[in-house]
Asks: 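Could you have a look at this structure, given as structure tokens, before my questions?
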Amino acid sequence: QVQLAESGGGLVQAGGSLRLSCAASGRTFSSYAMGWFRQAPGKEREFVAAINWSGGNTDYADSVKGRFTISRDNIKNTVYLQMNNLRPQDTAVYYCAARNRPDLSGGYYAWGQGTQVTVSS
């Protein structure tokens, strides 16, 4: 089992940047892929970005392509989400999640507690 803990959320003006971090423990970090999701008030949770075990393969939701970058540090057991040019519609609770396999297929089985991102206009 893996434990995940997000940090780095906060309040930022539109056009600004934030970097989210997700620290993982409990299992060999480089053995599984990771993802970021978000959930805005009154909406369902949606996919944001994913990264495979090595960082060599990534995937993004269309709404964040060109603005967000997912990366990972397998020495620090941490996955990051760099968010640039933030928009008010990016406001949500952001969650990191772990897959049970190293590539970008299959579902997610472990979730963090989430970190709030609020973008003001």
Asks: Between F29 and D73, is there a side-chain heavy-atom distance shorter than 4.5 Å?
Replies: no
Asks: Ring centroid separation for Y95 and F37, is it under 6.0 angstrom?
Replies: no
Asks: Over 60° means perpendicular and under 30° means parallel, so classify the ring planes of W111 and Y108, tilted if in between.
Replies: tilted
Asks: Any side-chain donor paired with an acceptor under 3.5 Å for R27 and N100?
Replies: yes
Asks: What is the minimum heavy-atom distance between M83 and L20, and which atoms define it?
Replies: CE-CG, 3.7 Å
Asks: For Y60 and I70, which heavy atoms make the closest approach, and how far apart are they?
Replies: OH-N, 2.9 Å
Asks: Kindly determine whether E6 and S21 satisfy side-chain contact (heavy atoms from CB on, under 4.5 Å), including the steps that lead there.
Replies: CA-CA 6 Å; E6 303 95 335; S21 300; over 6 Å; no
Asks: Looking at V119, is its backbone amide N or carbonyl O close enough to the side chain of T91 to form a donor-acceptor pair, meaning the two atoms are under 3.5 Å apart?
Replies: yes
Asks: Measure across A98 and V2 and return the closest heavy-atom pair with its distance rounded to 0.1 Å.
Replies: CB-CG1, 3.8 Å
Asks: Look at D90 together with R87 and state whether they make a salt bridge at an N to O cut-off of under 4.0 Å.
Replies: no
Asks: Run the side-chain contact (heavy atoms from CB on, under 4.5 Å) test on R72 and T78 for me, step by step, so that the C-alpha distance in whole Å, both residues' side-chain angles and the decisive distance to 0.1 Å come before the verdict.
Replies: CA-CA 6 Å; R72 66 189 294 159; T78 301; over 6 Å; no
Asks: Where the side chain of Q82 meets the backbone of T69, is there a donor-acceptor pair that is under 3.5 Å apart?
Replies: no
Asks: Tell me the closest heavy-atom pair linking K43 and Q39, and the distance in Å.
Replies: O-NE2, 3.1 Å
Asks: Can you name the nearest heavy-atom pair linking R38 to A92, along with the distance?
Replies: CB-CB, 3.8 Å
Asks: When you measure from the centre of the six-membered ring of Y109, is the NZ or CZ of R99 under 6.0 Å away and within 45° of the axis?
Replies: no
Asks: Answer yes or no: is there a side-chain heavy-atom contact under 4.5 Å between Y80 and S71?
Replies: yes
Asks: Are S121 and P88 packed together at the side-chain level, in the sense that at least one heavy-atom pair is separated by less than 4.5 angstrom?
Replies: yes
Asks: From C96 SG over to I51 CD1, what is the distance, rounded to the nearest 0.5 angstrom?
Replies: 12.5 Å
Asks: Classify the ring geometry between Y94 and F68 as parallel (under 30°), tilted (30 to 60°) or perpendicular (over 60°).
Replies: tilted
Asks: Taking side-chain contact (heavy atoms from CB on, under 4.5 Å) as the criterion, tell me which of N84, L11, L81, V12 meets it with L18.
Replies: V12
Asks: Would you indicate whether Q13, at its atom CD, is surrounded by more than 12 heavy atoms from other residues, nucleotides or ligands within a distance under 6.0 Å?
Replies: no
Asks: Taking all atoms of both residues into account, what is the closest heavy-atom pair of S30 and W53, and its distance?
Replies: O-CB, 3.2 Å
Asks: Establish whether V48 and V93 are linked, either directly or via other cluster members, by ILVMFWY side-chain heavy-atom contacts under 4.5 Å.
Replies: no
Asks: For the CZ atom of R67 and the CG atom of N85, what is their distance to the nearest 0.5 Å?
Replies: 6.0 Å
Asks: Please check: side-chain N/O of N52 versus main-chain N/O of N57, any donor-acceptor pairing under 3.5 Å?
Replies: yes
